[in-house]
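Take a look at the structure below.
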Amino acid sequence: MRRRCDVTLSKMHFDACSDGLAELLTEGCAPGDRPEVVIAGCEAHVCLMQTALGLLERGFRTWVAETACGSRRAADKQMAMQRLREADATIVSDEMVLFEWVRHCRHPQFTAVLDLVKRRGS
């Protein structure tokens with residue numbers, strides 16, 4: 001849910017689930033419901049990967065926006081994406097996520113998303 005985007009979780013573990021992320025994400029959900037999570041960020045082979053694996057272990061449908069992830073070394077990012085794919089994370093691009101969220105060209109945010117994508121591609 002959008003309101004969760006405004007929450008900052010202080011963490012000490014590489015896997016944010018060890019610091020309460022899973023509980024935060026299920027706050028207000030019906031028992032047994034697990035939201036879908038889109039994850040992206042830095043050091044894909046450390047915190048991002050361990051957090052995604054933690055979410056998967058807890059039954060979350062986990063989408064990793066690969067084009068919005070990075071590591072200092074390309075090989076580390078590549079290995080992280082391979083491991084996450086093998087663990088049943090869905091690897092997608094940031095553009096795929098954006099257009100799945102708007103779903104159609106009549107969505108009120110479609111033009112803004114399209115403009116963002118076009119500007120980034122320049």
Side-chain angles (χ1 to χ4, degrees):
M1 291 184 193
R2 175 172 276 171
R3 64 182 159 78
R4 289 183 174 85
C5 294
D6 295 329
V7 176
T8 301
L9 175 70
S10 296
K11 70 182 201 71
M12 297 297 292
H13 295 86
F14 297 136
D15 173 4
C17 292
S18 296
D19 292 310
L21 179 63
E23 293 78 13
L24 180 69
L25 293 173
T26 56
E27 199 172 274
C29 292
D33 281 355
R34 293 282 184 220
E36 293 186 10
V37 177
V38 176
I39 187 170
C42 306
E43 300 307 330
H45 62 294
V46 184
C47 294
L48 183 135
M49 184 189 70
Q50 289 187 36
T51 298
L53 291 171
L55 291 166
L56 289 163
E57 287 172 8
R58 289 163 177 80
F60 286 81
R61 176 84 192 271
T62 306
W63 303 73
V64 179
E66 187 270 338
T67 52
C69 297
S71 291
R72 285 174 289 139
R73 295 185 318 192
D76 286 331
K77 178 182 171 183
Q78 182 181 9
M79 285 186 274
M81 294 303 127
Q82 179 181 338
R83 183 166 177 205
L84 289 167
R85 189 176 284 110
E86 291 170 0
D88 289 331
T90 303
I91 309 300
V92 296
S93 72
D94 55 337
E95 237 180 87
M96 292 166 72
V97 171
L98 291 170
F99 286 108
E100 283 188 45
W101 282 346
V102 297
R103 295 194 180 269
H104 55 80
C105 64
R106 290 195 174 131
H107 188 283
Q109 294 301 314
F110 172 74
T111 302
V113 168
L114 186 60
D115 288 344
L116 175 71
V117 168
K118 285 181 178 179
R119 273 195 321 269
R120 189 191 69 196
S122 305

Donor-acceptor contact present, side-chain H13 to main-chain D15, <3.5 Å = no

message = Please tell me whether M96 and W63 are part of a single hydrophobic cluster in this structure, the criterion being side-chain heavy atoms less than 4.5 Å apart.
response = yes

task = Measure from the side-chain N and O atoms of D94 to the backbone N and O of A65, and report whether any donor-acceptor pair falls under 3.5 Å.
result = no

inquiry  = Could you measure the distance from the CZ atom of R61 to the CG atom of L55? Nearest 0.5 Å is fine.
reply    = 13.5 Å

request  = Look up atom CG in D76 and atom CE in M81, then write down how far apart they are to the nearest 0.5 Å.
outcome  = 11.0 Å

message = When you measure from the side chain of T51 to the backbone of A16, do you find a donor-acceptor pair of N or O atoms at a distance under 3.5 Å?
response = yes

inquiry  = Would you say CZ of R83 has more than 12 non-hydrogen atoms from neighbouring residues, nucleotides or ligands within 6.0 angstrom?
reply    = no

query = Does a donor on one side chain and an acceptor on the other come within less than 3.5 Å for Q82 and Q78?
reply = no

request  = Kindly work out whether a path of hydrophobic side-chain contacts (I/L/V/M/F/W/Y, heavy atoms less than 4.5 Å apart) joins F60 to L9.
outcome  = yes

key: hydrophobic_cluster_shared for V102 and L98, side chain cutoff 4.5 Å   = yes

message = Grouping I, L, V, M, F, W and Y whenever their side-chain heavy atoms are under 4.5 Å apart, do M49 and F14 come out in a common cluster?
response = no

query = Are L53 and I91 co-members of a hydrophobic cluster defined by side-chain heavy atoms under 4.5 Å apart?
reply = yes

request  = Would you confirm whether K77, through its side chain, and E66, through its main-chain N or O, come within 3.5 Å as a donor-acceptor pair?
outcome  = yes

Whether over 12 other heavy atoms sit under 6.0 Å from D88 CG = no

